[in-house]
Amino acid sequence: MNLICNVDELLRVKVAEALKVLYNVQVEPGSIVFGKTNPEFEGDFTFVVFPYLKVSKKSPEVTAGQIGDFLKANISEVENFNVVKGFLNLVVSGNYWIDYFYKIAGRRDYAYTPITESSPTVMVEYSSPNTNKPLHLGHIRNNLLGYSVTEILKANGNNVIKTNLVNDRGIHICKSMLAWQKWGNGETPESTLDDVCKKGDHLVGKYYVEFDKHLKKEIETKVKNNWEREDAAAKSELMLEAQEMLNRWEKGDKEVVALWNKMNDWVYSGFKETYSMLGVNFDKTYYESKTYLLGKELVEFGLNKVDAVSGEKVFFKKEDGSVRIDLTPEGLDEKVLLRSDGTSVYMTQDLGTAVERFKEFPKLKRLIYTVGNEQEYHFRVLFLILKKLGFKWAEDCFHLSYGMVELPDGKMKSREGTVVDADELIKLMVDTAREMTLALGKTEGLEKEEAEQLYKLIGLGALKYFILKVDPKKTMLFNPEESIDLHGNTGPLIQYTYARSRSILRNVISWDIENCTPSDLRQLGENMDKKSRELIRLLSEFPKIIRDAGKDYNPGLIANYVYELSKEFNQFYHDTPILKEKQSDLRNFRLSLTYKVAEVIKSGMLLLGIDVPEKM
RNA sequence: GAUCCCGUAGCUCAGCUGGAUAGAGCAGCUGCCUUCUAAGCAGCAGGUCAGGCGUUCGAAUCGCCUCGGGAUCACCA
């Protein structure tokens, strides 16, 4: 737990007390909320008294005044107050803020909940790519979101297991394999003349596209020969061949499995590179080829299990042999769990892996699936079935659903080639960062290697921040030409702010972050300037921001906060001498403040998976 | 047909457990580098919070309706 009590918590208690003493009403301190004070008025917190007029039986002004008097008389932290209509603006003393600052100054972890042996274990699944094509912009959002959420959950005192469930089998992979076999002429990442395809995932993706091209051609030919379009697709020879290949794979056909291994390995080495650029990683990787048969025994279980509510069996077998569950009482539909030929569907597999996860990690307190919002229905059904099967942990499962990334001309569609390739985009961002940095002449004194590192850090910072600052739930628009901005509300601005603050600290011989006597403190507190005060107030919000971001699974809250802090710091930097301040106590304080703000900016950025440079 | 999500400045987004005159950035216009990094700071301009009705002392925020956009409801994944 956090040992440092924020003043707003104290104020809540005291306001509740005031209401009790003055108007004899019992109010939960937790139910009292403070707003931010309008910049036009003096104050750190604002208490709105309108809701309490009924009990005070007085005008808003009088009520606010009475509560203000009470607080001022009873707590030293409240230095002053002013009343505007029904708004009670409370001014917290500079002494409190300076005191608070020096309490957190030396504590790097002041906003974090420590992870101990008794911390809850949480699993976050994210990324989960198919192995038939390279990653695109949509995957980038998934990866960044998943990674950031795990970091945020760790900051909230959770033991997080990051997992990736790779979809390495199925008809889509067979399509790439078949196309390569037919038209590949033995092309490999090593032998290829196409630069892009030297990265294995792109080579495999090329044959996926190739398959689709030939398939389309075949269908068109058939349609010309008076086939029905649907028939032409379903009975296309290519599709049948791919299907046949999948069957051979499932039977363990040596030749097919060898090809499958070879091409998947190409893809993995490609993914490895992209993941490394993105800075994401996993504690555990699952492969669908190893898990796709799970869940079949659950079907049997469900056929016998009696539903606690309806008294009926949870699953039922239809006359055609398929096994289903009827979810119409819940407002959903009937869902197939086993095809009439006895093979399982995606849902069956997901049921099986969920059960497996909780068996593997009995202490699992939460299982989070980072998957796009187009699968919301799927997860609703999945969790509902688990609940009906009697698994108590079903309610610990959570679909971290995020919105699609759209392009200026609409949604990305892999088949139509309107996707933004992940590697290409990353390169574009890094190139832009390089250009910009060179144009600003900021590479002085940097080794070539260092400079390249910096471009990468800035380019990726821009990309990651751009994507993560948006509420995950929302559909977002990405314009490759225009979204690459390095000014304003962007990652590079925050990185720049950090670099600036570090630059100051580099230029100081020494200072002591906690070297202040009580009388120094009083002196500082009484004379504190507005910007310092605002910075400390912002620092005091960091713990709550981390909590809220964890509760909502929303990195955007962190992004907005870090931006606000950076902006405030830039103003402080602009109009306050820090290093050049002559009075040593004051200089010490400002240096400490600079140090602390830099530290929090860095911490916040790391929660987003973004690195910050010492110089830029 | 059913369910769910979204609609805030020209553009991209905050704000949504109801509170003061709805905020940022980009784009446009104006200033500020012999002082700690100008990827910065200060300012101007830009709004029927899709529209309507309701609840409330008070609505961008809550409820209902309409319009517009998107997603889903496979023996696909």
Side-chain angles (χ1 to χ4, degrees), chain A residues 31 33 35-38 40-41 46-51 53-54 60 84-87 89 128 130 167 170-172 288 318 320-324 327 331-347 349-350 372-378 380-381 401 403-404 406 408 410-411 433 436-437 439-440 442 458 462 466 469-471 473-479 482-483 485-497 499-508 556-557 559-560 563-564 566-567 569-571 573-581 590-591 594 615-616:
Chain A
S31 71
V33 283
K36 279 184 186 148
T37 304
N38 189 312
E40 197 182 324
F41 307 110
T46 293
F47 178 62
V48 183
V49 302
F50 290 115
L53 298 182
K54 271 183 241 111
V84 183
K85 291 183 281 183
F87 300 93
N89 300 320
S128 306
N130 291 353
N167 187 0
I171 192 71
H172 44 291
E288 276 197 20
K318 236 187 168 160
D320 62 6
S322 63
V323 175
R324 302 171 179 227
L327 298 171
L332 305 173
D333 291 281
E334 215 176 80
K335 179 75 201 170
V336 170
L337 296 160
L338 216 54
R339 297 190 185 103
S340 42
D341 66 2
T343 57
S344 58
V345 293
Y346 188 56
M347 185 61 77
Q349 190 186 139
D350 265 7
N373 63 10
E374 76 250 334
Q375 291 197 38
E376 265 167 17
Y377 182 82
H378 173 81
R380 260 178 83 190
V381 171
S401 167
M404 299 290 101
E406 286 183 359
K411 233 191 116 174
M436 181 61 97
T437 308
L440 290 169
K442 299 253 188 176
I458 294 170
F466 186 88
K469 74 167 198 239
V470 181
D471 186 331
K473 291 195 285 292
K474 292 197 175 177
T475 304
M476 67 176 291
L477 193 129
F478 188 89
N479 183 337
E482 290 173 14
S483 300
D485 204 329
L486 310 183
H487 301 275
N489 187 356
T490 65
L493 164 85
I494 298 165
Q495 292 172 320
Y496 174 72
T497 309
R500 258 181 157 187
S501 59
R502 298 298 297 174
S503 164
I504 293 182
L505 298 166
R506 253 197 318 277
N507 290 330
V508 67
L557 299 179
N560 287 335
Y563 173 64
E564 203 184 333
S566 299
K567 220 170 98 121
F569 179 79
N570 278 325
Q571 291 165 18
Y573 178 97
H574 183 262
D575 42 52
T576 318
I578 301 167
L579 197 50
K580 287 191 300 181
E581 170 59 45
R590 287 179 182 161
L591 283 167
T594 300
K615 293 182 192 171
M616 77 181 264

Pair Asp485(A), Thr490(A): side-chain N/O donor-acceptor within cut-off below 3.5 Å | no
Mind checking [X] for me? I need base, sugar-phosphate or nothing, with any heavy atom below 4.0 Å counting as a touch.
X         : value
Ile578(A) : base
Arg324(A) : base
Asn130(A) : nothing
Ile458(A) : base
Tyr377(A) : sugar-phosphate
Ser128(A) : nothing

Look at the side chain of [X] against the base of [N] and say whether a donor-acceptor pair falls under 3.5 Å; ignore hydrogens and angles.
X         : N      : answer
Thr437(A) : A39(B) : yes
Lys442(A) : U37(B) : yes
Asp350(A) : A77(B) : no
Thr490(A) : A39(B) : no

Identify which nucleotide among [options] has an atom closest to any side-chain atom of [X], counting heavy atoms from C-beta outward.
X         : options                : value
Asn489(A) : U72(B), U37(B), G25(B) : G25(B)
Phe87(A)  : C36(B), A20(B), C41(B) : A20(B)
Val84(A)  : A39(B), U37(B), A20(B) : A20(B)
His574(A) : G40(B), A20(B), U37(B) : G40(B)
Pro51(A)  : G40(B), C4(B), G19(B)  : G19(B)
Tyr563(A) : A38(B), G25(B), U3(B)  : G25(B)
Arg339(A) : A77(B), A20(B), C36(B) : A77(B)

So, Arg590(A) side chain and Pro577(A) main chain: donor-acceptor pair closer than 3.5 Å or not?
-> yes
Ignoring hydrogens and angles, tell me if any N or O in the side chain of Thr437(A) forms a donor-acceptor pair with the backbone of Ala433(A) under 3.5 Å.
-> yes
Check the pair Thr594(A), Ser501(A) against side-chain hydrogen bond (donor to acceptor under 3.5 Å, both in side chains), reporting the backbone distance first and the verdict last.
-> CA-CA 6 Å; Thr594(A) 300; Ser501(A) 59; over 6 Å; no
Looking at [N], I'd like to know if its phosphate oxygens (OP1 or OP2) sit under 4.0 Å from a side-chain N or O belonging to [X].
X         : N      : result
His378(A) : U72(B) : no
Tyr496(A) : A39(B) : yes
Arg500(A) : A38(B) : yes
Lys567(A) : G25(B) : yes

Please state the [atom1] separation for the pair [N] and [M] - nearest whole angstrom.
N      : M      : atom1 : result
A9(B)  : G28(B) : C1'   : 13 Å
A59(B) : A77(B) : C1'   : 43 Å
G25(B) : C67(B) : C1'   : 30 Å
G23(B) : C33(B) : P     : 30 Å
A20(B) : C62(B) : P     : 16 Å
C36(B) : C29(B) : P     : 29 Å

Quick one: list whatever passes side chain to side chain contact (heavy atoms under 4.5 Å, CB included) with [X], sequence neighbours left out.
X         : answer
Glu288(A) : Leu165(A), Asn167(A), Asp168(A), Arg169(A), Thr291(A), Tyr346(A), Gln349(A)
Glu374(A) : Met404(A)
Thr475(A) : Glu406(A)
His574(A) : none

Are Phe50(A) and G58(B) stacked, counting the six-membered base ring, centres under 5.5 Å, planes under 30°?
-> no
Base-pair string, RNA chain B, Watson-Crick plus G-U, cut-off 3.5 Å on both distances, | for inter-strand, is (((((((..((((.....[...)))).(((((.......))))).....(((((..]....))))))))))))....
For Tyr573(A) and Ile504(A), run side-chain contact (heavy atoms from CB on, under 4.5 Å): C-alpha distance rounded to whole Å, both residues' side-chain angles, the deciding distance at 0.1 Å, then the answer.
-> CA-CA 10 Å; Tyr573(A) 178 97; Ile504(A) 293 182; 3.5 Å; yes
So which protein N/O to nucleotides 10-16 of chain B N/O distances come out below 3.5 Å?
residue, atom, partner, partner atom, Å
C13(B), OP1, Leu477(A), N, 2.5
A14(B), OP1, Asp471(A), N, 2.7
A14(B), OP2, Lys474(A), NZ, 3.2
A14(B), O2', Asn560(A), ND2, 3.3

For atom CD of Gln375(A) and atom C1' of C4(B), their distance in whole Å = 15 Å
